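Here's the structure we're looking at; comments come further down.
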Amino acid sequence: MQIINSIMHMQALAIAPERGGRRISFVPTMGFLHEGHASLLREGRTRGDVLVLSLFVNPIQFGQHEDLDRYPRDMDRDCRIAEACGVDIVFIPTAAEMYPAGFQTGVTVRDISLPLCGSSRPGHFDGVATVVAKLFNIVRPDVALFGCKDYQQLAVIRRMTADLNLPVEIVGMPIVRESDGLAMSSRNAYLSPCERQSALCLSRALVKARELFGAGERSVPELLLATRGVIEQESRAVIDYVEFRDGFLLSEQQVADGNTVLALAVKIGQTRLIDNCVLGEEL
Ligand code: AMP
């Protein structure tokens, strides 16, 4: 396994003539890897000849008062996990090289970036789209894998890739959960043991909504009331948003169907967690 820090070096490898017909599969992450990231890497391994993982805590997707400085990092552990998942190249650029003095270009994916996390975290998806576009140009992947855990992010990246005719196949992967239902996230490391228990209200809310949907409930106001109710029972939980939206366009809906996505963002103490499910799909 090779570790590469320089953009030029990574790009040179990606476009080298000796790449021949070899397919590059790519998993971009912010590191502090867990089983969710590993599932993307294992799938990536089967879809390409050269598997590239990037570790980069992207400063431009964090708001001023967000957790950029304390975001968990452990490069050595990440590299061990990467090796075990069959990664060929770990790309770890520096922020100074990604965003040198004078940097001023950004990618904005308009409507789909606005609701949900885009409304609570203004500018977040511009930061995501910009870094992913840059990484695609550096790594030149044939296929890139993203988790449905970040549902809106995946929708934004799919839109950007289609709109800009980027020659990359985008693969969405299922959410990996702990055995008690909590969606795996690097940010779970922030939770105290009590908060970790409280955080289960997110997956409980998803289960409740799917139960009601399964029993025939289609009214979004009714589903919303029941879903919010589950979270509001948890005293440490503060709802950022709970929304039912069309799973493709993320537009508002009054009547749910099998493609409706329930998206949640909930603060447990200082930690903001997100989760989601598509009502017609298995959790
Ligand atoms: P992050 O390091 O949090 O930026 O995530 C990197 C990639 O891993 C993104 O495509 C995420 O959607 C994906 N990911 C994060 N958590 C999970 C999870 N629990 N299950 C599946 N994919 C995940």
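For ligands, and for the atoms within them, numbers begin at 1 and follow the listed sequence. Hydrogens, waters and symmetry mates play no part in the numbers below; they use all other heavy atoms, side chains included. Just so it is clear, the structure is predicted and the values come from calculations on it, not from any experiment.
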So, D49 side chain and R23 main chain: donor-acceptor pair closer than 3.5 Å or not? yes
Taking the cut-offs as 6.0 angstrom to the six-membered ring centre and 45 degrees off its axis, would you call R218 and F213 a cation-pi pair? yes
Taking C-beta and beyond as the side chain, do K134 and F56 meet within less than 4.5 Å on heavy atoms? no
Exceeds 12 heavy-atom contacts within 6.0 angstrom, atom CZ of R70: yes
Do R47 and F26 meet the cation-pi criteria used here (NZ or CZ under 6.0 Å from the six-membered ring centre, within 45° of the axis)? no
Spell out, yes or no, whether V132 and L154 are grouped together once hydrophobic residues are joined by side-chain heavy atoms under 4.5 Å, including indirect joins. yes
Report each N/O pair between ligand 1 and the protein that falls under 3.5 Å, naming both atoms.
| residue | atom | partner | partner atom | Å |
| --- | --- | --- | --- | --- |
| ligand 1 | 2 (O) | M30 | N | 2.9 |
| ligand 1 | 2 (O) | H37 | NE2 | 3.0 |
| ligand 1 | 5 (O) | H37 | NE2 | 3.4 |
| ligand 1 | 10 (O) | G147 | N | 2.9 |
| ligand 1 | 12 (O) | G147 | N | 3.2 |
| ligand 1 | 12 (O) | G147 | O | 3.1 |
| ligand 1 | 12 (O) | D150 | OD2 | 2.7 |
| ligand 1 | 16 (N) | M184 | O | 3.4 |
| ligand 1 | 19 (N) | V176 | O | 2.9 |
| ligand 1 | 19 (N) | M184 | O | 2.9 |
| ligand 1 | 20 (N) | V176 | N | 2.8 |

